[in-house]
Amino acid sequence: MEKPDEKLNLPTFNDLFSQTGGFGRWNWTLIGLCFISCILAAFSHLSIIFTGYSPPFKLAGGGSEEFDNQCGTTTIGMGENYTYDNSLFSNTVVSEWDLVCEDAAYLPTLTFTYMLAIGLSNLMAGALSDTFGRKKLILSMALIHIIFSFITWLSPYFWVFLIGRMFVGGSIHTIWEGMFILLQETTPRQHRTFTAGMMNFSWSAGTWILCFLSYFIRNWRYLHLAFAVASLSLIPFFFLLLESPRWLLVSGKMNDAVSTFRKIAKKNGKNLDEELLEQSLVQFQNEISMNEKLTLKEELGKMLNTLKELFMKPKMRIRTVLLMPTIFAVGMGSYGIHFSSKFANLDIFITNILKSAASFVIILIFMFILKHVDRTKCLLSLYIINGVVAISFYFSPSGARPVVFVLAQALFNGNYYMVDTFITELLPTQNRNFGFNFLETVSKIGSAIAPFIVDLGGAIDPGIPPLVFGSILILSSTSFLFLPETRGKPLPQTVKEVEGDPGVTIVGTLRS
């Protein structure tokens, strides 16, 4: 009877992390690295607001002294057709390559391709991370990000700049995603809410730093030089980052897992019970199916099977199909509003600082609301409120537009946070990672389309982009009428559980 008792008394994974020092210097070091990844992601994702600013222009060599935004009928050469008002920015990618008039569509193409690169990285990151490990993926992407940050800065041609941005965006998003997973896997359970909150704060901090840099650096090329120099802050990752012990165990690397726990304990100034550690890890490894460690080809095959389950099983198909428009709409609106900053009738720098601060406050409020209100009712109500606020921008007088704009942006970000939380509660454990990444890709498709609505629709009327984003959000909110409530319910573990429990919906409650 001794062995079963010993097995029963062995600590959990969470207990082992607590033994290494709980939340010590190592964890703060990891948060510091996550902070860097979030700041660089904010730089990359949002910098086009400033570097892609479209200033007033006039024909080069024309008789007009006013910047009348009149297009010419002849082409001299890219960057030589028009003269631009440089009172706000001395040079942007628009003035560098004449992205106006017949070439105006090239500007939203920059963000369209950038978001598609992020969407592709969302789909591939999970399989690559599970095959090669969190650390190797993060470090390889860090190298790519550094290289292409400098290529983007030095871009002699528009298409070099476009391709460089795709690699910059895909790589930093993969780093951010990998760091988030690593942080959650190496943090004691009781501290995970705090660490997730720190990553949200880091994004806001990155937005504020971006506004600060853009205010003092008004030339897009010099600003990208600053981003390239900032990318060198990824170099410490190569010396400080440790692999996830959980992944090492799943991969059958027992000795490496033991070594990692020792390093974490040493950094935290703690001494481990070596014998108990090895016994526990052996037990954990015995409980893990070794079939979970797959080759990249097998991981890709697993992805296809998971995709089939999302759409082939009746209840799973209903959940997936209903979630797609909700995440598409909020992905389009949250980034589209970012890109619409130039229409807010307020200084572009003040606008972005205010909306970042408002978003941070709204998310804190929404975190509180989620604890006390049913998810579906909450999301349905807030999607409609958000949509109405965005639509009201179109009808608001110019003096009220800055306030409406900042509120709409904050609500979009808050709803993005809430629907992401809801998605993880709807999908079963065996499909959650890929299902979440798949829906995030759908979101980024919306984000990729948004710049065309902003630049082409905004050229007709600045109120059109928020009007479109708000209308689509309200239409998508109807999905919450048919999605099951998740508050207070355990997370589903298998597809079989989902298929056997349709759940309680708003429509179902009204009918009964």
(request) Verify whether the ring centers belonging to Y106 and F158 lie closer than 6.0 Å. (result) yes
(message) Tell me whether R319 contacts the main-chain N or O of L483 through its side chain, where contact means a donor paired with an acceptor under 3.5 Å.
(response) no
(message) What verdict does the side chain to side chain donor-acceptor pair (under 3.5 Å) test give for Y84 and D98, after you've listed the backbone C-alpha separation in whole Å, the side-chain angles of each residue and the deciding distance to 0.1 Å?
(response) CA-CA 9 Å; Y84 296 85; D98 278 344; 2.5 Å; yes
(message) Any heavy-atom pair between the side chains of N413 and H338 that's under 4.5 Å?
(response) yes
(message) For a quick test of reading the model, state the closest non-hydrogen atom pair linking V94 to S54 and the distance between them.
(response) CG1-OG, 3.8 Å
(request) State whether the number of non-hydrogen atoms from other residues, nucleotides or ligands found under 6.0 Å of Y157 atom OH is greater than 12. (result) no
(message) Given F43, which partner from the list W208, W203, F227, F50 fulfils the ring pair (Phe, Tyr, Trp, His ring centres under 6.0 Å) test?
(response) F227
(message) Taking M418's backbone N and O only, do any of them form a donor-acceptor pair with R375's side chain (distance below 3.5 Å, no angle check)?
(response) no
(request) State, yes or no, whether a side-chain contact exists between F57 and C101 at a heavy-atom distance under 4.5 Å. (result) yes
(message) Under a 3.5 Å cutoff, is there a donor and acceptor pairing between the side chains of Y416 and S443?
(response) yes
(message) Test side chain to side chain contact (heavy atoms under 4.5 Å, CB included) on L467 and D461; report intermediate values, then the result.
(response) CA-CA 10 Å; L467 175 67; D461 189 313; over 6 Å; no
(request) To the nearest 0.5 Å, tell me how far I327 CD1 sits from F422 CZ. (result) 11.5 Å
(request) Would you check if L33 and M179 make a side-chain contact, meaning some heavy-atom pair closer than 4.5 Å? (result) yes
(request) Look at the rings of F89 and Y53 and say which category their plane angle falls in: under 30° parallel, 30 to 60° tilted, over 60° perpendicular. (result) tilted
(request) Begin from the C-alpha positions of S90 and Y222 and carry the test side chain to side chain donor-acceptor pair (under 3.5 Å) through to its verdict. (result) CA-CA 11 Å; S90 62; Y222 294 151; over 6 Å; no
(request) Examine distances only and state if a side-chain atom of S44 and a backbone atom of A41 form a donor-acceptor pair shorter than 3.5 Å. (result) no
(message) For a side chain to side chain contact (heavy atoms under 4.5 Å, CB included) check, start with the C-alpha distance between I362 and Y417, then their side-chain angles and the critical distance, and finish with the verdict.
(response) CA-CA 10 Å; I362 285 288; Y417 157 75; over 6 Å; no
(request) Start with the C-alpha gap between F328 and S476, add the side-chain angles, then the distance that decides, and say whether side chain to side chain contact (heavy atoms under 4.5 Å, CB included) holds. (result) CA-CA 9 Å; F328 174 88; S476 73; over 6 Å; no
(request) Measure the spacing between CZ of F436 and CG of L426 and express it to the nearest 0.5 Å. (result) 12.5 Å
(request) Please report the shortest heavy-atom distance between G336 and V454, naming the atom on each side. (result) O-CG2, 3.5 Å
(message) Minimum heavy-atom separation for L59 and Y82, please, with both atom names.
(response) CD2-CE2, 3.4 Å
(request) Could you pull out the closest heavy-atom pair between S471 and I391, with the gap in Å? (result) OG-CD1, 3.7 Å
(message) Walk me through whether C71 and V100 qualify under side chain to side chain contact (heavy atoms under 4.5 Å, CB included).
(response) CA-CA 8 Å; C71 299; V100 294; over 6 Å; no
(request) Over all heavy atoms of both residues, which pair between N352 and S341 is shortest? Give the atoms and the distance, please. (result) OD1-OG, 3.4 Å
(request) Compare all side-chain heavy atoms of P465 with those of F393 and state whether any distance is below 4.5 angstrom. (result) no
(request) Specify the closest pair of heavy atoms between S47 and R165, including all atoms of both residues, with the distance to one decimal. (result) OG-NH1, 4.1 Å
(message) Let me confirm one number: the OG-CD1 distance from S149 to I144, rounded to the nearest 0.5 Å.
(response) 11.5 Å
(request) Answer yes or no: is there a side-chain heavy-atom contact under 4.5 Å between L232 and I146? (result) yes
(request) Compute the centroid of each ring, for H45 and then for W176, and state whether the two points are separated by less than 6.0 Å. (result) no
(message) Other residues, nucleotides and ligands only: do more than 12 of their heavy atoms fall within 6.0 Å of OH on Y394?
(response) no
(message) Going by ring pair (Phe, Tyr, Trp, His ring centres under 6.0 Å), F161 matches just one of W220, Y114, W153. Which one?
(response) W220
(message) As an exercise, state the distance from OG1 of T113 to CE of M166, rounded to the nearest 0.5 Å.
(response) 5.5 Å
(message) With rounding to the nearest 0.5 angstrom, report the CG to OG1 distance, L439 to T326.
(response) 7.5 Å
(request) State whether the number of non-hydrogen atoms from other residues, nucleotides or ligands found under 6.0 Å of F167 atom CZ is greater than 12. (result) no
(request) Compare all side-chain heavy atoms of Y215 with those of F212 and state whether any distance is below 4.5 angstrom. (result) no
(request) Could you tell me whether the side chain of R218 reaches within less than 4.5 Å of the side chain of L88, counting heavy atoms only? (result) yes
(message) I need the I445 CD1 to F112 CZ distance, nearest 0.5 Å.
(response) 8.5 Å
